[in-house]
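Okay, so here's the structure we're looking at.
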Amino acid sequence: MAQAGAPPETPGIRPGRLKVFLGAAPGVGKTYRMLDEGWRRALRGTDVVVAYAECHHRPHTEEMLEGLEVLPRLRHDHGGPESTGLDLAAVLARRPAVALIDELAHTNVPGTGNAKRWQDVEELLAAGIDVMTTVNIQHLESLSDVVEKITGVPQRETVPDDVVRRAHQIELVDMAPEALRRRMAHGNIYAPEKIDAALSHYFRVGNLTALRELALLWLAERVDETLQRYRAEHGIGGVWETRERVVVALTGGPEGDTLIRRAARIAARSSGGDLLAVHVTRSDGLAGASPAALAGQRRLVESLGGTYHTVVGDQVPAALLEFARAENATQLVVGVSRRGWPARVLAARGVGDSVVEMSGDIDVHIVTHERAGRGRGLSVPGRGLSRVRRICGPAAGLLLPLLLTATLRAGAVAEAVALNLTSEALLFLVAVVGVACIGGVASALLASLTASLLLNYYFIPPTGRFTIHGANNILALVVFALVAVTVAAVVDRSLRLSRRAASATAAAETLSSLAGGVLRGEQDVPDLLERTRRTFGMESAELRPRSRDRDRERDRDRESATATVRDGAGRAPAEEIRTPIGEDAELVLRGRALPSSDRRVLAAFAAHLTAAVERARLARAAAEIEPVRAADRMRTALLAAVSHDLRTPLASGWAAVSSLRSREVDFSPEDREELLATADESMAKLNRLVDNLLDMSRLQAGALTLSLRPTALVEVLPLALDSLPEAPECEVAAPDLERAPDVLADPPLLERVLANLVANAARHSPPGRPVTVAASVLASRVELRVVDRGPGLRPADRERAFEPFQRLGDTDNTTGLGLGLALSRGLTEAMGGTLTPEDTPGGGLTMVVSLPAAPVRTTSGR
């Protein structure tokens, strides 16, 4: 099927307009409505022709054709019933203003230019001809599988949704299911002999109701797209409450599930309401939301029939409302702030308050939850600093101003450099900035206070007292304090952002490395445990069952339940960190304490470990089941093969013996001899088949008895050829066989192998092209080659040829169980040899039997 796309426009011609009459099911009146619209336009003077209309022998629909110009159909006879279709060339030659074309999704008759009718319609539109057409909802490509699940009827003719979506107008031709069934019962849709079956199957009330809902919803989505496009083209930013759309704001916090379910209940109260979840992430990428929590909330939203979105914005309230207005949302759900009352009193107002003030015509729901007021409080300056810096910062805030004062008061400095008050204040400012870099804002405030006092006492006249004379001195001190605090705050913020950026980068690199390991196939549990231990710098990483029962723990499978990785030192663990792995196990890390940011990354490792443990469990289960499945496949194939391939010799032998025992027919000696020969041949064939089956079963059970001894090929090959029921055309390289050393083999088994290989080669060799048997020596092994000139085997089929009950490429599948090659390889490998296929130069297949050469006996003399 050609891909749907915009029809190619003819230069200088306005593209035609498409009007689609959409129905939920056959018989709702689409064709009648299309012809009625054609009549209405024709009465207004429009040039209208009926290019194709399928009335299905409905009298009222056929009456609508009277008076309209109907173009002849294209007829095609392809050896069966004559078929008719749209004559595209005739419509293009006629060039009407409007063409009426029924059944848009219909397949064209063979031999025409386009495969589908919608492709013909696109050519007419490109030529500037307006088209009115009909289509049922089940023929839309995106809904065909849904309709098949509802009705049980597969849809073989579909039209791409985009073709219908591009229509200038879509008119729904609707009818209640009960009314449609009455039309069917009155014989207005199908022939009388089809009415009962249709009413019992496709035209059931439930089916028709579901199809009607599909049509209404699909058309509603198309109308919504048109409305959104109109609003965008005309710059309309206000909310039009044509449909309830509920947006829920997610932060990644634990209250997310409560908000989602509350928003889903609000959306469900209005028929056709939409649920949209949105998370606002900061543009610098440093937001602290848990990816695992957001992923879980996304799954919850999608399970409730909603959609999940992520937007970027530094101002969360503005970003939320901008998204809501863009989606024409009518309601917005946000949670009560998790901040405590000190933060709400002293800090800026929360997201909820800002959203309510800025919402305008969008209804805002502030939903309470169990985490309300129990979250983070005020931001503590320097909270992210290390312990050493928290101690050194205040000490530097006291000592650096004192050291600077002592230095400036020293006589040598005063004589070398004549400093005024401004220079001295700037030096103190540098010291305060240095303290801010060490200890943050709190230390900078202490340093600013200390420097201000020292500057006032020692350097601002009158010195030696805490007094200030002059407005300039007062202004200098105030500016000094403001600049010191501002610079310290900026430096502190930049340091915190730098640390967060470094932490986020490290987490991203770690997760990227983990993803790379997954793609490279590093999926086993020990590798992931070692990677986890090294990534987080822990002393050991252990995967163990959650149960504390010692007996159960000892009975657990060690590979799946317990695996421990320790560092080389083997130090005693300082702290244990436990993370659930699936339902029965947990990951235990021993070592340092992990910060919350590392715990979020640990959650990703735990998820991969969970998947790895589950894969290991499934792999063991599959390994345990595989022998049973293989035996079951073998048993099934054996039964199928035996039922097919043993039937012929059994039937032949039974018929021959029954004929000989019959007293009603007096057979001549020649006929009696022929029947005896048939019975003997059938019994011999049965004996060979049973021997093959027994040998194959012994091979698979490992119960085959071998008697390996030096064996001459020149002695075994004639016996193998004599054992075949029909002497094949065979060329034996006798000198090669005579020169070849003895092989270490079991002579009867080697005879069976050679007989099977020669028979298989003869079966595939064309007449007049005999099978060739040759031998050669390679190192300490002897290679025997059985060469045919048949069609050969593709490389992909060569290993399949050695599977039991396979007869690849056989022209006669009436005899044999397909065990010849499988048994030959099994017997050869049991004797310590190999059987491999090779291409025959010039065409054909060569089977190479490689066996170890027998040790040469040496005689010692005096």
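We count residues from 1, following the sequence as given. Quick note: numbers below take in every heavy atom, side chains included, and nothing from hydrogens, waters or symmetry partners.
- Here CZ of Arg261 is found 14.5 Å from CD1 of Ile266. Values are rounded to the nearest 0.5 Å.
- Taking OH of Tyr308 as the start and CD1 of Ile260 as the end, the distance is 8.5 Å to the nearest 0.5 Å.
- The environment of Glu54 atom CD is dense: over 12 non-hydrogen atoms of other residues, nucleotides or ligands sit within 6.0 angstrom.
- Shortest non-hydrogen contact noted between Pro96 and Ile129 is O-CG2, 3.5 Å.
- A donor-acceptor pair under 3.5 Å links the side-chain atoms of Gln155 to the main chain of Val153, judged by distance alone.
- Annotation for His56: atom NE2 counts as buried by contact number, over 12 foreign heavy atoms lying within 6.0 Å.
- Listed here is the closest heavy atom pair of Val28 and Ala24: CG2-N, 4.5 Å.
- Taking all atoms of both residues into account, the shortest heavy-atom contact from Glu62 to His57 is OE2-CA, 3.3 Å.
- Salt-bridge formation is detected for the pair Arg166/Asp162: a Lys NZ or Arg NE/NH1/NH2 atom is positioned less than 4.0 Å from an Asp or Glu carboxylate oxygen.
- A donor-acceptor pair is defined here as one N or O able to donate and one able to accept, closer than 3.5 Å; such a pair exists between the side chain of Thr46 and the backbone of Arg41.
- Although no hydrogens or angles enter the test, the distance criterion places a donor-acceptor pair under 3.5 Å between the side chain of Asp130 and the main chain of Arg17.
- Heavy-atom minimum distance, Val247 versus Ala329: CG2-CB, 3.5 Å.
- To the nearest 0.5 angstrom, Thr133 atom OG1 is 7.0 Å from Met34 atom CE.
- Side-chain atoms of Gln119 come within 3.5 Å of backbone atoms of Lys116 as a donor-acceptor pair (strictly under, hydrogens ignored).
- Residue Arg183 places its CZ atom among more than 12 non-hydrogen atoms of other residues, nucleotides or ligands, all under 6.0 Å distant.
- Of all heavy-atom pairs between Leu275 and Ala263, the closest is CD1-CB, 3.6 Å.
- Put simply, the side chain of Arg95 gets close to the backbone of Ala127: a donor and an acceptor are under 3.5 Å apart.
- Side chain of Arg181 to backbone of Leu199: a donor-acceptor contact under 3.5 angstrom is found.
- Between Phe203 and Tyr190, the angle of the ring planes goes over 60°, which puts this pair in the perpendicular group of the 30/60° scheme.
- Side chain of Asp87 to backbone of Ala90: a donor-acceptor contact under 3.5 angstrom is found.
- The OG1 atom of Thr158 sits 11.0 Å away from the CG atom of Leu143 when rounded to the nearest 0.5 Å.
- Asp161 contributes a side-chain N or O that, together with a main-chain N or O of Glu141, makes up a donor-acceptor pair within less than 3.5 Å.
- Distance check: His139 NE2 to Glu157 CD gives 6.5 Å after rounding to the nearest 0.5 Å.
- Environment of OH in Tyr32: sparse, with no more than 12 heavy atoms of neighbouring residues, nucleotides or ligands closer than 6.0 Å.
- Within the 3.5 Å criterion, the main-chain N or O of Met64 finds a donor-acceptor partner in the side chain of Trp39.
- Residues Gln297 and Asp257 bring no donor and acceptor atom of their side chains to less than 3.5 Å of each other.
- The local environment of CZ in Arg44 is crowded, with over 12 non-hydrogen atoms from other residues, nucleotides or ligands closer than 6.0 Å.
- For the pair Glu178 and Arg182, the salt-bridge criterion is not met [side-chain N within less than 4.0 Å of a carboxylate O].
- Each of Thr134, Asp102, Thr61 was compared with Thr31 under the side-chain hydrogen bond (donor to acceptor under 3.5 Å, both in side chains) criterion, and only Asp102 meets it.
- Residues Leu250 and His279 share a closest heavy-atom pair of O-ND1, 2.9 Å.
- Separating the CZ atom in Arg117 from the OG1 atom in Thr107 is a distance of 8.5 Å, to the nearest 0.5 Å.
- Panel note: side chain Asn108, backbone Asn114; a donor-acceptor pair is recorded below 3.5 Å.
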